[in-house]
Amino acid sequence: EGGAADEQGFREAMNVGHEVQAFALDRTSPLTPLSIASLRGPGPAQKLGVKQGWYLDLLATFKGPSRAKVASVLLGDADVTSKTPTALVELVHEDLDEALRRLNEGLGGLSEVTLFFTNSASSEKLKVLPEARAAYAPGVAAGSELGALAAE
């Protein structure tokens with residue numbers, strides 16, 4: 001697979017920009033602020049079920065095999081070789097607007113990279129907790145039982 005065929009039938013190498021048209025910044029999601037704003041065409045991420053709105057998992061991407069390539073796009077000339085994946089994520093968060101600009105301008109041209117996406121802000125499988133419904137009689141203040149628990 002790859003881009004459009006030329007007049008001789010050769011296809012250019014598949015790159016991120018063939019599949020992802022643009023990324024977006026969502027400041028209301030601090031753990032996963034960068035997501036896919038729009039898709040351009042089919043590609044390996046979509047074959048795995050990735051859709052518009054999914055988040056770029058920066059930590060997993062920086063732990064992956066394309067760490068140096070992606071870090072150089074997002075962080076420019078910053079020294080990335082001595083940084084941990086967590087430190088790289090922190091550097092991206094220092095200027096999210098610049099990271100988004102770099103992502104949209106530079107990542108699309110990269111090929112032979114591995115990006116990780118998630119459809120959740122949590123990188124771990126969520127545990128559904130049981131629900132509890134508490135009814136308080138008139139005159140009983142919510143939280144009054146907490147004082148008794150603290151004494152125990």
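Counting from 1, the numbers follow the sequence of the chain as shown. Everything numeric here is computed off the predicted structure, so don't read it as measured data.
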Visitor: Looking only at non-hydrogen atoms, find the nearest pair between Ser66 and Glu112 and report the distance.
Guide: OG-O, 4.1 Å
Visitor: Can you tell me how far CG of Leu75 sits from NZ of Lys83, rounded to the nearest 0.5 angstrom?
Guide: 9.5 Å
Visitor: To the nearest 0.5 Å, how far apart are OG in Ser35 and CH2 in Trp54?
Guide: 12.5 Å
Visitor: To check you understand the geometry: which heavy-atom pair defines the closest contact between Val20 and Arg40, and what is its length?
Guide: O-NH1, 4.1 Å
Visitor: Among Leu103, Leu34, Asn104, find the residue that satisfies the side-chain contact (heavy atoms from CB on, under 4.5 Å) test when tested with Leu25.
Guide: Leu34
Visitor: At what distance, to the nearest 0.5 angstrom, does OG1 of Thr84 lie from CD of Glu90?
Guide: 7.0 Å
Visitor: Is it true that Arg102 and Asp97 have a side-chain N and a carboxylate O under 4.0 angstrom from each other?
Guide: no
Visitor: Taking all heavy atoms of Val92 and all of Leu58, pick out the closest pair and write down the distance.
Guide: CG1-CD1, 3.8 Å
Visitor: Roughly how far, to the nearest 0.5 Å, is CZ of Phe117 from CD of Gln46?
Guide: 9.5 Å
Visitor: When rounded to the nearest 0.5 angstrom, what is the spacing between OG1 in Thr61 and CZ in Arg67?
Guide: 12.0 Å
Visitor: Looking only at heavy atoms, what is the nearest atom pair of Ser29 and Thr32, with distance?
Guide: OG-OG1, 2.8 Å
Visitor: Same cluster for Phe116 and Leu100 if Ile/Leu/Val/Met/Phe/Trp/Tyr side chains link at under 4.5 Å?
Guide: no
Visitor: Considering non-hydrogen atoms only, spot the tightest contact between Ile36 and Gln52 and give its length.
Guide: O-CG, 3.6 Å
Visitor: Quick check for you: to the nearest 0.5 Å, what is the distance between Leu107 atom CG and Lys69 atom NZ?
Guide: 10.5 Å
Visitor: After noting the C-alpha distance and the side-chain angles of Tyr55 and Asn119, does the key distance pass the side chain to side chain contact (heavy atoms under 4.5 Å, CB included) rule?
Guide: CA-CA 6 Å; Tyr55 305 101; Asn119 65 352; 5.8 Å; no
Visitor: Taking all non-hydrogen atoms of both residues, which atom of Gly108 and which atom of Asn15 are closest, and how far apart?
Guide: O-OD1, 2.9 Å
Visitor: Pro33 versus His93: any side-chain heavy-atom pair under 4.5 Å?
Guide: yes
Visitor: Whether the side chain of Lys47 engages the backbone of Pro42 through a donor-acceptor N/O pair (distance < 3.5 Å, no angle test) should be reported.
Guide: no
